[in-house]
Q: 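Can you keep this structure in mind? I'll have questions shortly.
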There are 2 protein chains.
Amino acid sequence: MPATIRDIAKRLGISVSTVSYALNGGPRPVPEEVRRRVLEVARELDYRPNRLARSMVTGKTETIAVVPPMVTRNMLRSPYIHATLSSIADAVGEHGYDILLHTSAAPMDDVRLVQSLLSGKVDGIVLIAPLSTSQVPEEIRRRNVPCVVISARVEGLPSVCADNATGVFAAMDWLYAHGHRRFGFVGGPPAFYDARQRLLAFRRYLEEHRLPLRGEWIAEGDFTAAGAVAGARAMLNSPEPPTAILAANDETAAGILQVAQELGVCVPTDLSVVGFDDTPFAQMLSPRLSTIRQPLEQMAVEAVGMLMTWIEQRECPVEEERKLPTELVLRESTAPAPGLSS
Amino acid sequence: MPATIRDIAKRLGISVSTVSYALNGGPRPVPEEVRRRVLEVARELDYRPNRLARSMVTGKTETIAVVPPMVTRNMLRSPYIHATLSSIADAVGEHGYDILLHTSAAPMDDVRLVQSLLSGKVDGIVLIAPLSTSQVPEEIRRRNVPCVVISARVEGLPSVCADNATGVFAAMDWLYAHGHRRFGFVGGPPAFYDARQRLLAFRRYLEEHRLPLRGEWIAEGDFTAAGAVAGARAMLNSPEPPTAILAANDETAAGILQVAQELGVCVPTDLSVVGFDDTPFAQMLSPRLSTIRQPLEQMAVEAVGMLMTWIEQRECPVEEERKLPTELVLRESTAPAPGLSS
DNA sequence: TTGTACGCGTTATCAT
DNA sequence: ATGATAACGCGTACAA
């Protein structure tokens, strides 16, 4: 069994407090002589402080929880969640913190999740894209635990989001300038803030430019390639199919590409497709996917920075929301509208 | 501040032990009447047990650490690490455990990592593909902490690996049967167990079939697409290039495909390429990548199972190593050797 | 300057 | 049979 400060104290015939002070350069000075001998004995006994005991008295665990939108099997498999988690991990590492990942076989009910989060294992929480239907953010906010939200907006919690609207507008501007007038949209589950924002921007663009919108040109996916297939198929099989489709994320775009190939629709000659996120596999699709890039690393850095501030200053940062710019990345899935010479 | 069992006890005029027994269905029976009132007051005060305090006395944290090969920025970005982590998360969730992920800005030196791991924050450890140069496994083994290794072999620690050799042989058998005689190999860093095993199997196959091997036909990559470029280029530019190349993993294969396209070498007509792992993006490459599938989910389940056994029975499982079968997945990057009619 | 008590939950052990 | 208490481990305010 590991040695404790008591063992060291006993060995040297001094008190535990002196040992603690010596080890931590504690709030009270310790004679150099004593300090040396304490460190010596500590090494000798292979002393390692029990971090649980330490955390209990300091109230710090040097750990933050990262909570994906849903705690369920396979959640980490989404490239977006994965990329975000990686970025958070990197950002958190800069501050010397570890990450606690909640896992659960059964979809965990929100209340239990929160109980678990607030029971002392973490100093703070990063919520990734919490669903609008989730009770989690509200429960956390009520208890005043340091928490930052990525890719969603929650009343009373600081958040970092991508500028969805500007991204959608940039993509549609490019397409419009290249002759496209019939736009389709395959969205994501409306419980996601990003999915709502992107759809809203899409509709707004059409209105502002007095462009037509047919019922089949809008479909709801589920942020997966498979979930985009039905909607994309209906869209491309309709009597007057769109010449450009915006996807709510890159996986959805992959599904659209798949359907296009299956139907013999050539991308980008007959159809332009634009994704969202620019997760690594956007470049590996064929044709390489044009997409709207979210600055995930930057978002993670900012979110973690805000969280650290809250944890250290012990009060919620005043700035409530930060919106980071997106960027249109043009690759091979976009081209001028069919029938245009240029 | 949160309520404690003491608050509940005081409120009801009973002892803390009774409260604890009532809350946990503790080792000693509690009158139904009392139990009801305890639960009532607990709810009333929004009592949540301090998990740190609980862990300190039970010695369980219900958390396991997952350690990637190197603790450094971007480590989680590898599709293989990511897929493995996801699988472990799912498997661990089945047992009601959480995951602790160590992060670090600076590459953490092994000793500090181990200190951190062994200081009481976790009940067990899963090492993902530890490097042969790492001190971590040995340090852990010495201290007799529950630990399982995935994708490597460590003396004295139970491990779960893929059957690399059989996979390589299956791929080469198929290629051989389809007329290929000149084989190339772009490997991974030899510090990785899997990289060594795959290269070994490759060499052994050539020997057993008395096939030629030229110097340029073997290159060392770094498990990334970019890292495969130089070797693949040299290989394909050599006077007598191989007709089939095995890659140490899917990303390496992606790099080879890239080089082939750049040099105007048509895959699979002129060149067959086989990857390893079957991470999700193998199917998204163009042409869709033939690859040797590792059963990562299964490996994670087995590894976590062994770890749980160790944690619960408090002694290292006798079975030291488990080797899970790989599977050749044929897609579009493989074809009969050029010049063969069939 | 040194030692002690406190906080936190669980449970063995002592006291009733 | 049930109620009360000490011990576990650490950091640190406070008493001695």
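Below, each value reflects all heavy atoms present in this structure, side chains not excepted, and no hydrogens, waters or symmetry copies. Letters go in sequence order (proteins before strands), and every chain restarts at 1.
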Q: Is a side-chain donor or acceptor of Ser87(B) paired with a backbone partner of Ala83(B) at a separation under 3.5 angstrom?
A: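 Indeed, once roles are kept as given, a pair shorter than 3.5 Å links the two residues.
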Q: Specify the separation, in whole Å, of atom CD1 of Ile8(B) and atom P of dG7(C).
A: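 Atom-to-atom, Ile8(B) to dG7(C), this comes out as 16 Å.
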Q: For the side chain of Asn50(A), counting heavy atoms from C-beta on, which of dG9(C), dT2(D), dC10(D) is nearest?
A: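 In terms of side-chain proximity for Asn50(A), the closest of dG9(C), dT2(D), dC10(D) is dC10(D).
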Q: Taking the side chain as every heavy atom from C-beta outward, state whether Asp90(B) and Thr103(A) have any pair of such atoms under 4.5 Å apart.
A: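 Not touching, per the 4.5 Å side-chain cut-off.
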Q: For the base of dT5(D), is there a side-chain donor-acceptor partner from Ser17(B) under 3.5 Å away?
A: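 Pair found.
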Q: Tell me the interatomic distance from Arg51(B), atom CZ, to dT10(C), atom C1', rounded to whole angstroms.
A: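 Taking atom C1' of dT10(C) as the reference, CZ of Arg51(B) is at 15 Å.
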Q: Just the rounded figure in Å: distance from C1' of dG7(C) to NZ of Lys10(B).
A: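 Atom NZ in Lys10(B) sits about 12 Å away from atom C1' in dG7(C).
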Q: Calculate the interatomic distance between Glu62(A) atom CD and dC10(D) atom P; express it in whole Å.
A: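 About 16 Å, once rounded to whole Å.
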Q: Any non-hydrogen side-chain atom of Ile125(A) less than 4.5 Å from a side-chain atom of Val145(A)?
A: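 Yes - at least one pair of side-chain heavy atoms lies under 4.5 Å apart.
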Q: Residues two or more places apart in sequence or in another chain: which of them pass salt bridge (charged side-chain N to carboxylate O under 4.0 Å, His left out) with Glu44(B)?
A: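 Partners of Glu44(B) by the salt bridge (charged side-chain N to carboxylate O under 4.0 Å, His left out) criterion, ordered by chain and then number, come out as Arg11(B).
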Q: Just to confirm, is there a sub-4.0 Å distance from OP1 or OP2 of dG3(C) to any side-chain nitrogen or oxygen of Ser15(A)?
A: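 Yes, because at least one side-chain N or O of Ser15(A) sits under 4.0 Å from OP1 or OP2 of dG3(C).
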Q: Rounded to whole angstrom units, what separation is found between the CG atom of Asn24(B) and the P atom of dA12(C)?
A: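 Nearest whole value for this atom pair: 12 Å.
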Q: In whole angstrom, give the distance that lies between atom CG of Leu12(B) and atom P of dA4(D).
A: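 Computing the Leu12(B):CG to dA4(D):P distance gives 11 Å.
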Q: I want to know whether Phe223(A) and Tyr80(A) have ring centres closer than 6.0 Å.
A: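 No - the distance between ring centres of Phe223(A) and Tyr80(A) does not fall below the 6.0 Å cut-off.
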Q: Is the phosphate of dT10(C) approached by Ser20(B) (side-chain N or O, under 4.0 Å from OP1 or OP2)?
A: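 Looking at the OP1 and OP2 atoms of dT10(C), one of them is under 4.0 Å from a side-chain N or O of Ser20(B).
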Q: A side-chain contact here means heavy atoms from C-beta on lying under 4.5 Å apart; do Asp123(A) and Leu307(A) qualify?
A: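 No. Closest side-chain heavy atoms not under 4.5 Å.
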Q: Rounded to whole Å, please give me the gap between CZ in Arg48(B) and P in dT10(C).
A: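 My rounded result for the distance is 14 Å.
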Q: Roughly, in whole Å, what's the span from CG in Leu52(B) to P in dC8(D)?
A: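 About 19 Å, once rounded to whole Å.
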Q: Please determine whether salt bridge (charged side-chain N to carboxylate O under 4.0 Å, His left out) holds for the pair Arg36(A) and Glu33(A), giving the CA-CA distance in whole Å, both sets of side-chain angles, and the decisive distance to 0.1 Å.
A: CA-CA 5 Å; Arg36(A) 257 194 340 97; Glu33(A) 189 57 29; 3.4 Å; yes
Q: Detail all sub-3.5 Å separations between protein N/O atoms and N/O atoms belonging to nucleotides 13-16 of chain C.
A:
unit_1  : atom_1 : unit_2   : atom_2 : d
dT13(C) : O4     : Arg28(B) : NH1    : 2.9

Q: Taking for each residue the nucleotide of DNA chain C bearing the nearest heavy atom, is the 5' side occupied by Ile14(A) or by Arg6(A)?
A: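 It is Ile14(A) whose nearest nucleotide is closer to the 5' end.
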